[in-house]
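Heads up: numbering here begins at 1 and tracks the sequence.
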Amino acid sequence: QVQLVESGGGSVQAGGSLRLSCAASGLSYSRKCMGWFRQAQGKEREEVAKIYSVGGASGNTYYSDSVKGRFTISQDNAKNTLMVYLEMKSLKLEDTAMYYCAARGGNCAGSSLADFDYWGQGTQVTISS
């Protein structure tokens, strides 16, 4: 059974930092794409960042224009549980949203939200002025 569990959300002031974590278990893909998405109130869910991996080795990363240079996605498979992180810096009011971790088998390149098979429950990030 696949489980994605996000953590690390919270409330911070603009300009601050947060690190989100996603603990992924039960995934059997040898090639996979892990992604972070977000959904602000009243808006559609949007892609934030993705990371491709083959076996345990991380590959290419992808970022939306709105977070490029501020957010960093990474993953760690050291303890037999896949952890996917989203390091967020220089946070802005518009980064306020529920953040979701997602997984799909195969490439990240060319993939969209609809291509992801598994989703976590989300963790709330609130940025205040």
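Under the 4.5 Å side-chain contact rule for hydrophobic residues, L86 and Y62 do not share a cluster. Y100 and Y118 fall into different hydrophobic clusters, defined by Ile, Leu, Val, Met, Phe, Trp and Tyr side-chain heavy atoms under 4.5 Å apart, directly or through other members. Residues L4 and Y29 share a hydrophobic cluster, clusters being chains of Ile/Leu/Val/Met/Phe/Trp/Tyr side chains in contact below 4.5 Å. Hydrophobic cluster membership differs between V5 and V2, with clusters built from Ile, Leu, Val, Met, Phe, Trp and Tyr side chains linked at under 4.5 angstrom.
The shortest side-chain heavy-atom distance between M88 and V125 falls under the 4.5 Å cut-off. A heavy-atom distance below 4.5 Å is found between the side chains of V67 and R38. The shortest distance between side-chain heavy atoms of L82 and M34 falls below 4.5 Å. Between L18 and Y99, the closest side-chain pair of non-hydrogen atoms is not below 4.5 Å. With a 4.5 Å cut-off on side-chain heavy atoms, S58 and I51 count as touching. The closest side-chain heavy-atom distance from V12 to I127 is below 4.5 Å.
Using a cutoff of 4.0 Å between basic side-chain nitrogens and carboxylate oxygens, D65 and K68 are scored as salt-bridged. A salt bridge links E47 and K50; the closest N-O separation between the charged side-chain nitrogens and carboxylate oxygens is under 4.0 Å.
In this structure, the side-chain hydrogen bond (donor to acceptor under 3.5 Å, both in side chains) partners of S64, at least two apart in sequence or on a different chain, are S66. Not counting sequence neighbours, the partners of F37 by the ring pair (Phe, Tyr, Trp, His ring centres under 6.0 Å) test are F116, W119.
A distance of 12.5 Å separates CZ of R104 from CG of L27, quoted to the nearest 0.5 Å. Here S21 contributes atom OG and E87 contributes atom CD; the two are 9.0 Å apart, rounded to the nearest 0.5 Å. The SG atom of C33 lies 9.0 Å from the CG atom of D115; values are rounded to the nearest 0.5 Å. To the nearest 0.5 Å, atom CD of residue Q75 and atom CE of residue M83 are 11.0 Å apart. Taking CZ of F71 as the reference point, atom OG of S90 lies at 9.0 Å (rounded to 0.5 Å). With rounding to the nearest 0.5 angstrom, the CD atom of E46 is 14.0 Å from the OG atom of S112.
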**OP:** Check step by step if side chain to side chain contact (heavy atoms under 4.5 Å, CB included) holds for R70 and D95.
**Re:** CA-CA 11 Å; R70 299 188 299 121; D95 293 320; 2.8 Å; yes
**OP:** Please step through side chain to side chain contact (heavy atoms under 4.5 Å, CB included) for the pair S129 and L93, ending with a clear verdict.
**Re:** CA-CA 7 Å; S129 59; L93 296 177; 4.1 Å; yes
Subject >> From CA spacing to verdict: side chain to side chain contact (heavy atoms under 4.5 Å, CB included), W36, E6 >> reply: CA-CA 10 Å; W36 283 98; E6 302 96 335; 3.8 Å; yes
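Hydrophobic side-chain contacts under 4.5 Å tie V54 into a cluster, directly or through other members, with Y52.
More than 12 heavy atoms of other residues, nucleotides or ligands sit less than 6.0 Å from atom CD of E94.
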